[in-house]
There are 2 protein chains.
Amino acid sequence: MEPPATRRRVTIVDVARHARVSVTSVSKVLRNAYGASPEMQTRVRRAIEELGYRPHAGARALRGQTYTIGVMLPDIRNPFFPEILDGITASLEETDYQVLLGPGCNGENEEARVTEAMIDRGMDGLVLVAPVSSRAHLEHVGTAIPTVVVGRHGSSPAYDTVTDDDFEGAALVVSHLAGLGHRRIAHIEHHETDPTRLAEMPNARRADGYRQAMRVHGLEEWIDVVSTSYTQQGGYQGVRELLSRPAAARPTAVFAGADIVAIGALQAASEAGLSVPGDMSVAGYDNTTFAAFDPISLTSVDQAGQEMGRNAVRLLLERISDHGRPSAKVTLSPSLVPRRSTARPAE
Amino acid sequence: MEPPATRRRVTIVDVARHARVSVTSVSKVLRNAYGASPEMQTRVRRAIEELGYRPHAGARALRGQTYTIGVMLPDIRNPFFPEILDGITASLEETDYQVLLGPGCNGENEEARVTEAMIDRGMDGLVLVAPVSSRAHLEHVGTAIPTVVVGRHGSSPAYDTVTDDDFEGAALVVSHLAGLGHRRIAHIEHHETDPTRLAEMPNARRADGYRQAMRVHGLEEWIDVVSTSYTQQGGYQGVRELLSRPAAARPTAVFAGADIVAIGALQAASEAGLSVPGDMSVAGYDNTTFAAFDPISLTSVDQAGQEMGRNAVRLLLERISDHGRPSAKVTLSPSLVPRRSTARPAE
DNA sequence: GTGAAAGCGCTAACAG
DNA sequence: CTGTTAGCGCTTTCAC
């Protein structure tokens, strides 16, 4: 089966000729720019319609905008991130902007490859969700192109920031569990050593929030953090480690730093013959659809991902239209969603 | 905090000047084109390195390639699709190509918006995963730009195709359940009315495969298809409907057309007080990480998503380098992964 | 083997 | 309000 040949693209010149106007006028109509009479507008729009014209983004990139927003998600498998994405795409739906995503990244090198690819493709703005890159790289990106960093603490003049109050979110979980009567509450965190990330990444803030809340509730002596990673595997290993201890040192409740971690934690508990919440309470973070899944029914912290996405777009569009405006930071408040995976500890 | 000003980009002219050669030579080195001496190559590469030059994709788009591959995924929440994506990105890792994803689509209009945006951005090739668009639109896309359609049956001269043998996959499930002694095996499908999609979409093929396999096993009289959708909600509704029947007409096993459907099915069974597999066996399709999750342990069909992605890239690169080559179709064989959610029916 | 120059489709400065 | 035109950064003839 021979593939059919491709036809030449319709250009702005074709439209201008067909509408019997200049290319400038067509360009103005395309960009809703000032200085095109209503009748000219309708003529041009009709010609565009009739010819099926669409502007070539590459050509636009050389002179102006491409009407493209790049979004970088760290892990497409983590069910929390689609929420942010939904907020972003919904906000952009009625505009001329198009969203394109980078493929999942794990590590600074891949992030750099993706962000640079987006810059090279003349994108008008970037939304970076929970990037792990160094502060210096983020500022490099923010300097080259309007950028919003989502889900990372610490602000910069070079980019805007939208974040959840992870410190408070962790406190909500600890308060909930302490209120149920738990004392030995353990936390499974994503291991972090880099000093910048230790200060800025959500996982580090959740661990800090956990420690602080434990102190506030007078549970200082039970502070118990297991360092693995924010993956299913990390949760599994974390609970295995907790269960390998002498019975008296085992926690009655586990606060997993993310729902995906809680999944692995539940798996390890199940394999060890423990019932949840009978033998052990488990709480997560992100309030993903998985947490709401009835047979699991995981207590979790809701971060309002869509709201984060909407805010990111608002800031980004503001900055695109005014490159000079001072950088801004938006912090949203999380809320706890109690479900059946947490209950009073056994006597 | 005032954002710092952006510097002018390094261009090919800067590189040429710095290396004391012509822009033509630099261009040749960039594209590994014929006609550049080894010493010229090293000089140019050194200049590129020293200046931190990266070619502007928009400018390239006007004359040649952009080294960008667009991937359209139908639903970022379905955990099967990341597998395909992994196969794609892994195959492209060592090349100069960059992958960009379209945001999740639901419906023909959104798909058209995304595919056209990708064409307008001068992408070199497209991988469309389980698109719902009309055949005509797919051919329109395939005519404009090298395209591989993944997970959809029916081939075309305008694009290449990679697909799983969904018909066989469904048969594997039915054979497994029939082998366990089940007679009343129900199937939850994604409702489809469009004639093209009825012939080409995987969900329709799975339903056909189910019916055919039931006949082969002499279970014709128990054929029982519930039409909902390939979502968690669809699975939930499907089982609710099955359970609303008189006891004698209820199935002892349910074949959900996708793991995400099985999730909802399990939820409905759980709410109805049924144990799985004690009171009802449940099987899915896609072998997602969720299926392997121990507390669930869902019997499922493995589609080798990464293999699909790798094949898609291979076909795409072939076609990019030879637009005229006849279109190809690759069909992969699925395999069954039995787990604890299926067992012999109760007496 | 190397380089000068045309031109891809668009935007924006400028002239009318 | 409308049109002419230079030029964005690159690839690609076509001379040399």
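The sequence lines fix the lettering, A, B, ..., with proteins before strands; numbering per chain opens at 1.
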Engineer: Taking atom types as modelled and ignoring hydrogens, do the side chains of B:Arg121 and A:Thr68 form a donor-acceptor contact shorter than 3.5 angstrom?
Structural biologist: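 Indeed, the side chains of B:Arg121 and A:Thr68 share at least one donor-acceptor pair under 3.5 Å.
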Engineer: Answer yes or no: are there more than 12 heavy-atom neighbours, outside A:Asn109 itself, under 6.0 Å from its atom CG?
Structural biologist: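 At most 12 heavy atoms, drawn from other residues, nucleotides or ligands, come within 6.0 Å of this atom.
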Engineer: Between B:Met201 and B:Val132, is there a side-chain heavy-atom distance shorter than 4.5 Å?
Structural biologist: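 The answer is yes, as the side chains (C-beta and beyond) meet within the 4.5 Å cut-off.
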Engineer: Could I get the full list of side chain to side chain contact (heavy atoms under 4.5 Å, CB included) partners for A:Pro146, not counting sequence neighbours?
Structural biologist: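 Once residues adjacent in sequence are excluded, the partners of A:Pro146 under the side chain to side chain contact (heavy atoms under 4.5 Å, CB included) criterion are A:Leu316, A:Arg319, A:Ile320, A:His323.
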Engineer: For a quick check of understanding: with a heavy-atom distance under 4.0 Å over all strands, which category does B:Ala33 fall into, base, sugar-phosphate or nothing?
Structural biologist: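 No contact.
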Engineer: Taking atom P of C:dC8 as reference, at what distance in whole Å does atom CG of A:Asp14 sit?
Structural biologist: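 So the CG-P distance, A:Asp14 to C:dC8, works out to 11 Å.
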Engineer: To the nearest 10 degrees, what angle separates the axes at the start and end of the helix from C:dG1-D:dC16 to C:dG16-D:dC1, five pairs each?
Structural biologist: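 If I round to tens, the end axes sit 40° apart.
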Engineer: Do the side chains of B:Arg43 and B:Glu39 get close enough for a salt bridge, i.e. N-O under 4.0 angstrom?
Structural biologist: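 Here B:Arg43 does not pair with B:Glu39 in a salt bridge, since their nearest N and O are not under 4.0 Å apart.
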Engineer: C:dC10 C1' sits how many Å from B:Asp120 CG, rounded?
Structural biologist: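 Rounded to whole Å, this separation is 13 Å.
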Engineer: Is a side-chain donor or acceptor of A:Ser155 paired with a backbone partner of A:Lys329 at a separation under 3.5 angstrom?
Structural biologist: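 Absent.
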Engineer: Please determine whether side chain to side chain contact (heavy atoms under 4.5 Å, CB included) holds for the pair A:Glu318 and A:Asp160, giving the CA-CA distance in whole Å, both sets of side-chain angles, and the decisive distance to 0.1 Å.
Structural biologist: CA-CA 10 Å; A:Glu318 276 176 31; A:Asp160 296 325; over 6 Å; no
Engineer: Can you tell me how far CD of B:Gln98 sits from OG1 of B:Thr95, rounded to the nearest 0.5 angstrom?
Structural biologist: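 Atom-to-atom, B:Thr95:OG1 and B:Gln98:CD are 9.0 Å apart.
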Engineer: Given the rule in the side chain to side chain contact (heavy atoms under 4.5 Å, CB included) test, do A:Ile12 and A:Tyr53 qualify, once you have shown the distances and angles that lead to the verdict?
Structural biologist: CA-CA 8 Å; A:Ile12 199 172; A:Tyr53 167 76; 3.9 Å; yes
Engineer: Is the number of heavy atoms from other residues, nucleotides or ligands within 6.0 Å of CZ (A:Arg46) greater than 12?
Structural biologist: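 No, because the 6.0 Å sphere around CZ of A:Arg46 holds 12 heavy atoms or fewer from other groups.
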Engineer: Nearest whole angstrom, please: distance from the C1' of C:dG3 to the CZ of B:Arg20.
Structural biologist: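 It is 16 Å, rounded to the nearest whole Å.
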Engineer: Partners of B:Glu307 by side chain to side chain contact (heavy atoms under 4.5 Å, CB included), sequence neighbours excluded?
Structural biologist: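 Counting only residues at least two positions away or on another chain, B:Glu307 forms a side chain to side chain contact (heavy atoms under 4.5 Å, CB included) with B:Ala304, B:Arg310, B:Asn311, B:Leu332.
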Engineer: Do the side chains of B:His137 and B:Glu108 get nearer than 4.5 Å, heavy atoms only?
Structural biologist: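 A side-chain contact is absent here, since even the closest heavy-atom pair is not under 4.5 Å.
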Engineer: Just to be sure I understand the geometry, which residues of residues 37-52 of chain A put a non-hydrogen atom under 4.0 Å away from DNA chain D?
Structural biologist: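 Heavy-atom cutoff 4.0 Å gives A:Ser37, A:Met40.
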Engineer: Quick one, give me the B/S/- string for nucleotides 4-10 of chain D, reading 5' to 3', where B means a protein heavy atom under 4.0 Å from the base and S means that only happens at the primed atoms, P, OP1 or OP2.
Structural biologist: BB-BBBB
Engineer: Are any protein N/O atoms closer than 3.5 Å to N/O atoms in nucleotides 14-16 of chain D? If there are, list each pair with its distance.
Structural biologist:
none

Engineer: Within a strict 4.5 Å, meaning less than it, do heavy atoms of the B:Leu138 and B:Ser156 side chains meet?
Structural biologist: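 The answer is no; the side chains never approach within 4.5 Å.
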